[in-house]
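First up is the structure itself, then whatever we jot down about it.
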Amino acid sequence: MAILQISYTDPAMILDPINSITSIAFYRKVAAQSLGRTVGYLFYLATLFTLVTLLAVKVRIMPQVAGVFDWLGKSVPVLTFAGGKLSSATPGPTILRHPAAQEVGVVIDTDRTEPVTPAMLEENKAIAYVTSNAFYIKRETGRIEVQDFSKAAPPKPVVVDADFWKTAGEMIPYFMYPAAVLFTFPLFLFWKVFATALYMIMALLINALAQAQLDAKPLLNITVYAQTFLVALEMILLLIPAPVPLALQTLASFLITGTYIGLAVRSAASAAPTAPPAAPAQ
């Protein structure tokens with residue numbers, strides 16, 4: 001059972017990502033270490049990736065979210081929700097279109113009580129329509145889903161004004177950051193376990209072609225660590241607005257990780273002790 005013991009407090013592991021990227025000789029140590037330490041390293045990478053994801057949410061997503069709520073506070077008319085009915089301080093229909101998504105529209109018409117038809121949404125190039133008594137939203141199938149306000153009447157009137165949108169925007173980070181952690185950490189682990197299984201096939205082929213004669217354990221250790229450079233690139237892409245085509249990402253992944261695996265297998269094999277020649281039979 002000792003081989004499966006995971007170490008999360010090994011101080012030397014802090015530098016493992018740097019060593020994995022910059023030193024092929026480091027993989028000799030990786031090949032010889034326990035599987036428990038390799039699993040611990042995978043959790044360490046997941047932690048780093050999650051922290052970078054949180055930073056990406058802060059610097060790339062939250063400013064856009066704040067901008068949307070600021071726009072809502074300036075663009076949405078003051079609405080009052082009371083008694084299962086919605087009323088507006090601005091008479092007549094109002095069509096909302098965010099400057100960054102002009103093709104998406106929302107119509108607010110609290111003077112209307114009649115049902116909204118798909119043709120009305122098409123005419124206004126809108127995906128949603130708000131009336132005095134219901135909220136209509138168009139689904140991808142073309143079907144309209146209706147939310148009846150009378151079924152969600154608050155106990156006291158609710159005023160939706162600029163202060164409401166400001167408060168709502170300030171609350172978003174309290175939900176966004178925990179959601180990012182709960183989503184990213186397990187997804188990274190699942191993704192890397194799946195990727196490791198694929199790259200393990202590559203490692204076995206390289207091991208056979210190179211006649212390295214490494215066992216499954218050192219090959220698995222090498223396969224996990226060989227993905228470090230790719231993880232570093234993915235973390236950089238989270239922080240900069242540089243979309244990369246999926247096909248190019250896939251090709252780069254196999255080339256980069258395959259190169260590290262090939263070099264690491266050769267390095268680990270050259271450091272492996274060779275068995276002494278058998279003594280001649282008497």
Task: Where P63 and V59 come nearest, the two heavy atoms and their spacing - done: CG-O, 3.6 Å
- [ ] Give, for atom OG1 of T257 and atom CG of L230, the distance between the pair rounded to the nearest 0.5 Å.
- [x] 4.5 Å
- [ ] Tell me whether F254 is reachable from M200 by hopping between hydrophobic residues (I, L, V, M, F, W, Y) whose side-chain heavy atoms are closer than 4.5 Å.
- [x] yes
TODO: Could you tell me the separation between the CD1 atom of I206 and the CG atom of L219, rounded to the nearest 0.5 Å?
DONE: 9.5 Å
Open item on the list: Please determine whether residues L237 and L246 belong to a single hydrophobic cluster, defined as Ile, Leu, Val, Met, Phe, Trp and Tyr linked transitively by side-chain heavy-atom distances below 4.5 Å.
Closed with: no
Task: For Y44, all residues meeting ring pair (Phe, Tyr, Trp, His ring centres under 6.0 Å), sequence neighbours excluded - done: none
TODO: May I ask you to decide if Q33's main-chain N or O and N221's side chain share a donor-acceptor pair within less than 3.5 Å?
DONE: yes
Task: Straight-line distance of R266 CZ to N207 CG, nearest 0.5 Å - done: 11.0 Å
Open item on the list: Taking atom CD as the centre, does Q249 end up with more than 12 heavy-atom neighbours from other residues, nucleotides or ligands that are less than 6.0 angstrom away?
Closed with: yes
- [ ] Verify, without hydrogens or angle tests, whether R60 (side chain) and L238 (backbone) share a donor-acceptor contact under 3.5 angstrom.
- [x] yes
Open item on the list: Please check: side-chain N/O of S267 versus main-chain N/O of L263, any donor-acceptor pairing under 3.5 Å?
Closed with: no
TODO: Say whether, by atom type as modelled, one donor and one acceptor occur between the side chain of K85 and the main chain of T80 under 3.5 angstrom.
DONE: no
Task: Heavy-atom closest contact (A212 atom, A269 atom, distance) - done: CB-CB, 3.5 Å
Open item on the list: Under the criterion side chain to side chain contact (heavy atoms under 4.5 Å, CB included), I'd like the reasoning laid out for Y225 against K29: C-alpha separation, chi angles, the key distance, then a yes or no.
Closed with: CA-CA 11 Å; Y225 275 74; K29 174 185 174 182; over 6 Å; no
TODO: May I ask you to decide if K217's main-chain N or O and D215's side chain share a donor-acceptor pair within less than 3.5 Å?
DONE: no
Task: Linked, directly or transitively: L251 and L198 (ILVMFWY side chains, under 4.5 Å) - done: no
Open item on the list: Please find the pair of heavy atoms, one from A31 and one from I222, that lie closest to each other, and give the distance.
Closed with: CB-CD1, 4.1 Å
TODO: Using the test side-chain contact (heavy atoms from CB on, under 4.5 Å), find all partners of A232 that sit at least two apart in sequence or belong to another chain.
DONE: I21
Open item on the list: Suppose clustering is done on Ile, Leu, Val, Met, Phe, Trp and Tyr with side-chain heavy atoms closer than 4.5 Å. Which residues sit in the same group as V104?
Closed with: I127
Task: Parallel, tilted or perpendicular: ring planes of F69 versus W165, cut at 30 and 60 degrees - done: tilted
Task: Under 3.5 Å donor-acceptor, S20 side chain and D16 backbone - done: yes
Open item on the list: Would you call the rings of Y260 and Y27 parallel, tilted or perpendicular, taking 30° and 60° as the class edges?
Closed with: tilted
- [ ] Determine whether more than 12 heavy atoms belonging to other residues, nucleotides or ligands lie under 6.0 Å from atom CD of Q211.
- [x] no
Task: Closest approach of T228 to L45 (non-hydrogen atoms, all atoms of both residues) - done: OG1-CD1, 4.3 Å
Task: Option among F149, F135, F164 that satisfies the ring-ring contact (aromatic ring centres under 6.0 Å, His included) test with F81 - done: F149
Task: E122: side-chain contact (heavy atoms from CB on, under 4.5 Å) partners, not counting sequence neighbours - done: K138
TODO: State yes or no: do L48 and V30 share one hydrophobic cluster built from I, L, V, M, F, W and Y residues joined by side-chain heavy-atom distances below 4.5 Å, directly or via other members?
DONE: yes
Task: Y136: hydrophobic cluster co-members (side-chain, 4.5 Å) - done: I95, V107, V116, M120, L121, Y129, I144, V146
- [ ] Would you give the length of the straight line joining atom OG1 of T110 to atom CD1 of I108, rounded to the nearest 0.5 angstrom?
- [x] 8.5 Å
Open item on the list: Count I, L, V, M, F, W, Y as connected when their side-chain heavy atoms are under 4.5 Å apart, and connections chain through other members. Are V52 and V57 then in the same cluster?
Closed with: no
Open item on the list: Within this structure, what is the CD1-CD1 distance for the pair I261 and I256, rounded to the nearest 0.5 Å?
Closed with: 12.0 Å
- [ ] In sequence, state the C-alpha distance, the side-chain angles, and the governing distance for L86 and V130, and then conclude on side chain to side chain contact (heavy atoms under 4.5 Å, CB included).
- [x] CA-CA 9 Å; L86 188 68; V130 181; 3.4 Å; yes
Task: Nearest heavy atoms of G258 and M202, plus distance in Å - done: CA-SD, 3.3 Å
Task: Test item: V68 and L72 side chains (from C-beta on) under 4.5 Å apart, heavy atoms - done: yes
Task: Considering all heavy atoms, the nearest S132-T113 contact - done: CB-CG2, 4.1 Å
Name each donor-acceptor pair under 3.5 Å that joins a side chain in residues 185-197 to protein atoms two or more places apart or in another chain, with its distance.
residue: K192; atom: NZ; partner: Q227; partner atom: OE1; Å: 3.3
residue: T196; atom: OG1; partner: K192; partner atom: O; Å: 2.6
residue: T196; atom: OG1; partner: Q227; partner atom: NE2; Å: 2.9

Open item on the list: Can you tell me how far apart CE (M235) and OG1 (T50) are? Round to the nearest 0.5 Å.
Closed with: 10.0 Å
